[in-house]
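Just so we're clear, the structure is a prediction, and the values are computed from it rather than from any experiment.
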There are 2 protein chains.
Amino acid sequence: MSLELAQRLKASGIQPSAQRLAVAEYVLTTEDHPSADQVLAQVQARLPMVSRATVYNTLHTFVASGLLRQLVLAEGRVVFDPKLEPHHHFVDDETGEIEDVPWSAVQVGDVSRLKAYDVREYMVVMRGTRRGPRKAKKSAPETKPSPKPGKT
Amino acid sequence: MSLELAQRLKASGIQPSAQRLAVAEYVLTTEDHPSADQVLAQVQARLPMVSRATVYNTLHTFVASGLLRQLVLAEGRVVFDPKLEPHHHFVDDETGEIEDVPWSAVQVGDVSRLKAYDVREYMVVMRGTRRGPRKAKKSAPETKPSPKPGKT
DNA sequence: TCAACTTCTAGATTATGTCTAAAGCCGTCA
DNA sequence: TGACGGCTTTAGACATAATCTAGAAGTTGA
């Protein structure tokens, strides 16, 4: 996994380093939408000497080179999303958790007919409560419940 | 105007006070999407002794009783929107300004077919750049329809 | 007037993010 | 080898937004 990640970083013009790989290992493979603080905690669990500035720098580097998207959806939290394809988002009212919603699940009319704006990107943001049980989720990347082949 | 506002507050179960009316006067009538800090500044221009805590408390009270919506759209800013009808939002990449987009301007498919979620509200969030001149905007509710000077 | 209650205030505190200056690491070249 | 230069990392100071707290001030009704 780390080897492939190093390749990805290089391919994006980012010099891999131990710290950057540690950040990448978590943030580019998670299905969560972690905040910078969560990333810091996860990374420090492996490499305790990683400083806050490094994590912020690295996240910004990743965002700048397109490996990561930065989302502002929930109160007071900037979160990062490694899923690069367009998709919508659902925010759970109770837990604040953010979940991806496939692009095809919600049809949106043609936004380009809004003559006043040149729309670069758009998404539907839904808020409410989840029905039924929560998807199994790893809050710490120890166990791998499913190999998740759906990554295209 | 203030009288009507006092009625609205009472109708929402909020005891009107000088401070609360001052906040309401600005935030419930503006067409901007002000941040808490902007509200504080505007209110203090009229009632200089209003403390920050009061503004925050009042804004939260308004949100809790549904007079105001709280939006998290742009980085590091929680903004308030007195427009209660459903509508979409456009965020200007360059200026960070938020603009309302009429509900009818963008068609969205039926979100209730998402069985996994009980969607309370949703909106389309668009990002990009504005075409053409900015709409005239009053930043203070006095009778002064002068356009905003070109400041960020 | 008094007591109970609500509201408001200043300032401390917390949370999040940025900046800075120094140190570390690593490949290169004499 | 060892000095050099460039990039990366670090700890901690700084900045800012938001919240909390404890007491003061105001309001209400008898």
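Remark: A:R52 pairs with no residue by the salt bridge (Lys or Arg N to Asp or Glu O under 4.0 Å) rule, at least two apart or across chains. By the side chain to side chain contact (heavy atoms under 4.5 Å, CB included) test, A:P102 is found to be paired with A:S104, A:A105, residues two or more places apart in sequence or in another chain being considered. In terms of the salt bridge (Lys or Arg N to Asp or Glu O under 4.0 Å) criterion, residue partners of A:D118 (sequence neighbours excluded) are, by chain and number, B:R131.
The side-chain hydrogen bond (donor to acceptor under 3.5 Å, both in side chains) pairs that include a residue from residues 106-116 of chain A are A:D110-A:S112, where partners are two or more places apart or lie in different chains.
Residue A:Q44 contributes atom CD, which lies 12 Å from atom C1' of D:dT10 at whole-angstrom precision. Rounded to an integer number of Å, the gap from CG of B:L47 to P of D:dA25 is 18 Å. Atom CG in A:L21 sits roughly 13 Å away from atom P in D:dT8 (whole-Å rounding). Rounded to whole Å, the distance from CG on A:L40 to C1' on D:dT9 is 14 Å. When rounded to the nearest whole Å, the span between CG of B:D37 and C1' of D:dA15 equals 13 Å.
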For this session: Could you run through nucleotides 5-13 of chain C and give me one letter per nucleotide, 5' to 3': B if any protein heavy atom sits under 4.0 Å from the base, S if only the sugar-phosphate is that close, - if neither?
Result: --SSBB---
Give every donor-acceptor pair under 3.5 Å between a side-chain atom in residues 11-19 of chain A and any protein atom, sequence neighbours left out.
{"residue": "A:S12", "atom": "OG", "partner": "A:R8", "partner atom": "O", "Å": "3.2"}
{"residue": "A:S17", "atom": "OG", "partner": "A:R20", "partner atom": "N", "Å": "3.2"}

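OP1 and OP2 of C:dG17 both lie 4.0 Å or more from every side-chain N or O belonging to A:H60. Taking 4.0 angstrom as the limit, A:Y56 places none of its side-chain polar atoms (N or O) nearer than this to OP1 or OP2 of C:dT18.
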For this session: For side chain to side chain contact (heavy atoms under 4.5 Å, CB included), just list the numbers for B:H60 and B:T58, CA-CA rounded to whole Å, side-chain angles, deciding distance to a tenth of an Å, and then say yes or no.
Result: CA-CA 5 Å; B:H60 290 163; B:T58 304; over 6 Å; no
